[in-house]
Asker: 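Mind looking over this structure? Questions follow.
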Amino acid sequence: MEPKPCESDEEPMTGADENYDPRAIQDKWQARWEELNPFAASEDPADERPRKYALDMFPYPSGDLHMGHAEAFAIGDVVARYWFQRGYNVMHPIGWDSFGLPAENAAIKRDSHPAEWTYANIDTQADSFQRYATSFDWSRRLHTSDPDYYRWNQWLFLRFYERGLAYRKGGNVNWCPNDQTVLANEQVVAGHCERCGAPVEKRVLTQWYFKITEYADRLLADMAELEWPERVLLMQRNWIGRSEGADVAFQIEGRAEPVTVYTTRPDTLYGATFFVVAADAALADEICAPEQRAEFEAYRQAVQRESEVERLAADREKTGVFLGRYAINPVNGERMPVWASDYVLAEYGHGAIMAVPAHDQRDLDFARRFGLPVRVVVRTGDADPAESGVATAGEGELVNSGPLNGLSKSAAIPRITEVLEEKGLGKAAVNYRLRDWLISRQRFWGTPIPIIHCEACGEVPVPDDQLPVRLPDDLRGADLAPRGVSPLAAAAGWVNVDCPKCGAAAKRDTDTMDTFVDSSWYFLRYCSPGYTDGPFDVEQVRRWMPADQYTGGVEHAILHLLYSRFFTKVLYDMGMVDFTEPFTRLVNQGQVILNGSAMSKSTGNLVDLGEQIAEYGVDAVRLTMMFAGPPEDDIDWADLSPSGAVKFLARAHRVAAEVTSAPGADVATGDTELRKVTHRTIDEVTRLVEAHRYNVAIARMMELTSATRKTIDTGAGAGDPAVREAAETLAVMLSLVTPYTAEEMWERLGHDVPVAKAGWPAAEPALLVQESVTCVVQVAGKIRDRLEVSPDIAEDDLERLAVASEKVQVAMGGRGVRKIIVRAPKIVNIVPA
RNA sequence: GGGGCCGUAGUCCAAUCGGCAGGAGACGCGUGACCUAGGAUCACGACAGUGUGGGUUCGAAUCCCACCGGCCCCA
């Protein structure tokens with residue numbers, strides 16, 4: 001690792017002393033570990049050790065690693081190192097998600113090729129990972145922008161295409177005016193581009209989609225088997241947005257075909273007083289009456305100009321135009337005016353709704369704005385919506401609803417659905433919020449879509465043996481500037497090809513794939529990174545997958561994690577994998593923030609990882625991250641004390657350095673009190689690490705360090721074998737979090753390195769047994785006495801002891817006993833009469 | 001508007017099932033010892049009573065209800 005120019009060897013690191021110099025041991029061990037290569041996963045089929053797959057969300061190479069990476073990769077590394085110590089055959093790979101817009105923007109600015117920026121950053125990050133002591137198997141390293149990788153993106157696209165899961169269609173799409181490309185629904189956050197924050201616009205374009213909606217039910221159902229944070233599952237559930245309701249057919253006067261409307265509240269059908277069509281839906285244009293045409297056109301143009309943000313704003317006044325037409329309510333024959341509005345979305349449901357203003361807030365807002373009637377059909381006991389302006393959505397008794405009158409809401413829903421089905425006017429229906437995944441992008445630095453457009457043959461897949469369709473390498477700098485169509489369109493020599501089917505002149509598809517395609521299966525590629533006969537070796541994947549733990553940020557809760565689940569299910573259906581979920585256990589670490597808000601370059605609210613490491617050392621930074629709190633919580637760097645971490649490490653290191661007994665000394669002869677602390681620590685830390693309670697595990701290691709210190713100074717002394725045992729235990733446990741310091745301790749204790757292979761200590765059950773425990777005696781819930789008792793004392797013995805206590809007698813003040821609760825050996829509660 | 005998560009010392013955080021908050025651990029602060037005189041080390045100490053109000057219970061930080069405050073998802 002090259003030292004940063006600002007670093008000076010003269011300046012001692014914070015907290016360093018002559019015995020513990022973090023920088024010196026970093027340099028020493030980094031070089032040694034490269035020789036030892038302790039973390040290569042074994043592919044030997046004869047290797048009987050059970051396997052574990054520790055997976056980290058791979059980074060995007062935007063400059064050097066930052067504080068967020070430091071936290072996420074510290075967590076993943078602790079897990080992997082724990083499994084190594086437990087003797088598993090561990091795979092802990094790393095790679096780079098190296099296609100994407102920032103590289104392209106950098107190339108435009110510097111008049112270079114995106115690859116230059118990308119691969120330079122990857123090298124920087126790889127060096128930083130080495131220094132950060134991550135336990136990766138470097139032989140599995142991959143980059144999604146390598147042709148050897150994206151070739152298989154194209155191959156998978158073609159398999160999806162064959163199965164009808166990749167298709168092209170025209171329609172309204174999300175358009176980022178800044179990045180000059182379309183976006184998937186998942187990439188629009190509150191109306192803004194997820195990447196650059198620009199307000200998203202709508203455009204009508206023909207684009208490529210993956211049919212993720214076909215998997216909606218399975219994506220929902222299979223969540224049951226996942227050990228994921230509840231909130232992530234909830235987010236995915238919300239995103240998929242399954243709802244049960246009914247499709248109802250409405251006749252429109254003067255139109256032959258009825259229009260189908262989806263509703264989750266068919267019970268309110270008698271309360272429908274008007275009908276709304278999405279202003280940008282084809283239906284609105286079609287049915288608009290001639291006398292309303294001019295008004296409608298003006299409105300539609302206004303709607304098309306507005307951004308998603310404006311459209312979604314909650315407090316915004318409703319807008320719309322009457323279309324001059326009427327729909328017929330199928331249950332009561334009422335004529336309902338048909339309006340066009342932007343609060344109904346063309347892409348959802350069928351692009352039209354029945355409006356029930358009494359029981360839907362948006363419908364009510366619209367009705368009040370345009371003076372449309374409000375009819376209550378569910379009596380909920382709340383105020384009249386027409387008066388209060390608040391729609392009522394709760395349970396209640398049906399009124400004004402013909403045959404439904406008197407039924408409850410929940411009874412009315414199946415009843416009306418039945419009626420509709422009998423009359424052929426509708427049927428029960430399930431609707432999803434989830435849309436198909438729009439995967440084409442009008443940008444350069446991504447995987448070319450392997451399709452050729454031929455005038456005669458139409459869409460023609462590029463034959464497998466012609467993959468990869470490589471990106472042209474002669475485009476650079478200004479050639480890549482966004483212009484609304486893919487820069488690839490300008491590469492004539494690349495675009496113009498012969499049709500693989502008929503040989504006539506044809507053109508390549510010029511769009512590239514969403515980079516989320518790349519990341520939807522990279523974890524499979526790690527299992528056989530050099531494989532050339534397919535995206536992955538099916539046999540290897542069977543051995544390693546699914547990943548036992550996946551560590552990364554919650555920002556991927558619906559994007560990457562949903563797409564990867566979808567890919568896995570498709571591959572399962574293709575018979576390429578034998579599991580349906582890719583990640584068994586998921587850990588979402590919180591963010592590293594500063595002074596209460598997110599770190600950001602633009603506001604200068606930033607802590608530089610390299611500087612922190614230069615000041616405190618890798619181990620102290622890792623320890624600070626892991627000790628700060630539960631991994632899923634945000635951690636505020638301003639609240640933390642990396643110098644405190646250095647101090648503790650120096651303390652632990654000193655304890656190991658002071659040990660004077662020889663390796664292999666007979667611990668059985670050692671100080672029993674310290675041995676008990678050591679073994680209790682082993683027992684607790686093991687449990688805590690398994691449960692991801694790293695901050696508490698570290699607190700226990702600190703206690704053991706203090707206990708050892710005390711034994712050396714005022715107890716059995718540095719030569720006692722129990723001190724050696726404690727120091728060795730500390731070194732191994734610390735090796736998960738602070739590998740450099742642990743290695744140095746291990747060496748000083750006279751052992752063969754690396755400590756990573758020392759093996760996890762086992763607690764001796766005999767040393768976990770306590771001779772006596774404190775029993776609390778309460779009178780009426782107040783603590784009156786404490787008794788030292790045997791841990792296996794019988795309940796009636798304990799009760800006798802408690803009642804006999806003098807302090808208890810005083811507290812009872814002569815009152816009789818009403819009740820005694822005994823929970824041996826911890827507590828006795830005496831309730832006086 | 002609907003749904004979810006969370007409120008413990010000045011700060012970050014602990015507390016299997018409801019069972020000792022003499023708060024596990026740490027930061028910061030203070031006092032003392034020691035010395036290599038430091039941004040070192042060791043020892044000791046102070047500050048709190050679980051956001052508020054009810055309820056259930058022998059017993060509530062933990063369970064239930066309402067409210068206040070903060071965060072997240074969907075609209």
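The chains referred to below are lettered A, B, ... by the order of the sequence lines, with proteins before strands, and numbering in each begins at 1.
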Asker: Tell me, please, which residues at least two apart from A/D634 pass salt bridge (Lys or Arg N to Asp or Glu O under 4.0 Å).
Answerer: none
Asker: Using atom C1' in both nucleotides, what's the gap between B/rG19 and B/rU57 to the nearest angstrom?
Answerer: 12 Å
Asker: Would you indicate what A/Q778 reaches in the nucleic acid, counting non-hydrogen atoms under 4.0 angstrom: base, sugar-phosphate, or nothing?
Answerer: base
Asker: A/E788 and A/T774: side-chain donor and acceptor closer than 3.5 Å?
Answerer: yes
Asker: Quantified in whole Å, what is the C1' atom distance between nucleotide B/rU62 and nucleotide B/rG23?
Answerer: 15 Å
Asker: Could you tell me the separation between the CG atom of A/L233 and the P atom of B/rC74, rounded to a whole number of Å?
Answerer: 15 Å
Asker: The side chain of A/R654 lies closest to which of these nucleotides: B/rA14, B/rC58, B/rC42?
Answerer: B/rC42
Asker: Given 3.5 Å as the limit, does a donor-acceptor pair link the side chain of A/R368 with the main chain of A/A386, or not?
Answerer: yes
Asker: How would you list, by chain and number, every residue that makes a ring pair (Phe, Tyr, Trp, His ring centres under 6.0 Å) with A/H560, sequence neighbours excluded?
Answerer: A/Y550, A/H556
Asker: Using the P atom on both, measure B/rU8 against B/rU52 and round to a whole Å.
Answerer: 10 Å
Asker: For A/D785, which residues count as a side chain to side chain donor-acceptor pair (under 3.5 Å) partner, sequence neighbours excluded?
Answerer: A/S805
Asker: How many whole angstroms separate atom CD of A/E632 from atom C1' of B/rC13?
Answerer: 13 Å
Asker: Applying ring pair (Phe, Tyr, Trp, His ring centres under 6.0 Å), can you list everything that pairs with A/H359, at least two apart in sequence or on another chain?
Answerer: none
Asker: Rounded to whole Å, please give me the gap between CZ in A/R242 and C1' in B/rG3.
Answerer: 18 Å
Asker: Between A/L688 and A/V831, which has a closest nucleotide on RNA chain B that is more 5'?
Answerer: A/L688
Asker: In dot-bracket, 5' to 3', how would RNA chain B read with Watson-Crick or G-U wobble pairs under 3.5 Å, [ ] for crossing ones and | for pairs to another strand?
Answerer: (((((((..((((.....[...).))).(((((.......))))).....(((((..]....)))))))))))).
Asker: Touch check for A/R231, heavy atoms < 4.0 angstrom, all strands: base, sugar-phosphate only, or nothing?
Answerer: nothing
Asker: Rounded to the nearest Å, what distance is computed from the CG atom of residue A/D636 to the P atom of nucleotide B/rC6?
Answerer: 21 Å
Asker: Answer syn or anti for B/rG49, where the cut-off is 90° from 0 on the glycosidic torsion.
Answerer: syn
Asker: Report the distance from atom OH of A/Y20 to atom C1' of B/rU36, rounded to the nearest whole Å.
Answerer: 21 Å
Asker: Establish, with yes or no, whether the OP1 or OP2 oxygen of B/rG19 is under 4.0 angstrom from a side-chain nitrogen or oxygen of A/K826.
Answerer: no
Asker: Could you tell me whether the side chains of A/R651 and A/S706 share a donor-acceptor contact shorter than 3.5 Å?
Answerer: yes
Asker: Any residue in residues 780-806 of chain A with a heavy atom nearer than 4.0 angstrom to RNA chain B? Just list them by number, or reply none.
Answerer: A/I783, A/R786
Asker: On RNA chain B, does the nearest nucleotide to A/I830 precede the nearest nucleotide to A/G629 from the 5' side, or the other way round? Give the residue.
Answerer: A/G629
Asker: Who passes salt bridge (Lys or Arg N to Asp or Glu O under 4.0 Å) against A/E230, sequence neighbours left out?
Answerer: A/R237
Asker: Select one nucleotide: of B/rC42, B/rC13, B/rC74, the one nearest the side-chain heavy atoms of A/R709.
Answerer: B/rC42
Asker: Under the ring pair (Phe, Tyr, Trp, His ring centres under 6.0 Å) rule, collect the residues that match up with A/F627, sequence neighbours excluded.
Answerer: none
Asker: Could you note down all residue pairs passing side-chain hydrogen bond (donor to acceptor under 3.5 Å, both in side chains) where residues 808-822 of chain A supplies at least one of them, sequence neighbours left out?
Answerer: none
Asker: Excluding sequence neighbours, so at least two apart, what forms ring pair (Phe, Tyr, Trp, His ring centres under 6.0 Å) with A/F516?
Answerer: A/Y563
Asker: Residues in salt bridge (Lys or Arg N to Asp or Glu O under 4.0 Å) with A/E673, at least two apart?
Answerer: none
Asker: Rounded off to whole Å, could you give me the CD1-to-C1' distance for the A/I635 and B/rU11 pair?
Answerer: 15 Å
Asker: Would you give the length of the straight line joining atom CG of A/L674 to atom OG1 of A/T711, rounded to the nearest 0.5 angstrom?
Answerer: 4.0 Å
Asker: Pairs under 3.5 angstrom, nitrogen or oxygen only, protein versus nucleotides 23-27 of chain B, please.
Answerer:
{"from": "B/rA24", "atom 1": "O2'", "to": "A/R700", "atom 2": "NH1", "distance (Å)": "3.3"}
{"from": "B/rA24", "atom 1": "O2'", "to": "A/E703", "atom 2": "OE1", "distance (Å)": "3.2"}
{"from": "B/rA24", "atom 1": "O2'", "to": "A/E703", "atom 2": "OE2", "distance (Å)": "2.9"}

Asker: Take atom C1' in B/rA48 and the same atom in B/rA61, then report the distance between them in whole Å.
Answerer: 13 Å
Asker: If only side-chain N and O atoms of A/R433 are considered, is one of them under 4.0 Å from the OP1 or OP2 phosphate oxygen of B/rA75?
Answerer: yes
Asker: Mind checking the C1' distance from B/rC12 to B/rG59? Whole angstroms is fine.
Answerer: 30 Å
Asker: Would you mind classifying the nucleic acid contact of A/I558 as base, sugar-phosphate or nothing, using non-hydrogen atoms under 4.0 angstrom?
Answerer: sugar-phosphate
Asker: Using atom P of each nucleotide, how far apart are B/rG25 and B/rC34 to the nearest Å?
Answerer: 27 Å
Asker: Can you tell which of B/rG4, B/rC72, B/rG19 lies closest to the side chain of A/L234?
Answerer: B/rG4
Asker: Separation of A/I827 atom CD1 from B/rU57 atom C1', in whole Å?
Answerer: 13 Å
Asker: Roughly, in whole Å, what's the span from CD in A/E230 to P in B/rC6?
Answerer: 11 Å
Asker: Can a donor-acceptor pair be found between the side chains of A/T213 and A/D436 at a distance below 3.5 Å?
Answerer: yes
Asker: Which way is the base of B/rC17 turned, syn or anti, if we draw the line at 90° from 0?
Answerer: syn
Asker: Taking the same atom, P, in B/rG10 and in B/rG54, what whole-Å distance lies between them?
Answerer: 24 Å
Asker: Expressed in whole Å, how much space separates the C1' atoms belonging to B/rG18 and B/rC71?
Answerer: 27 Å
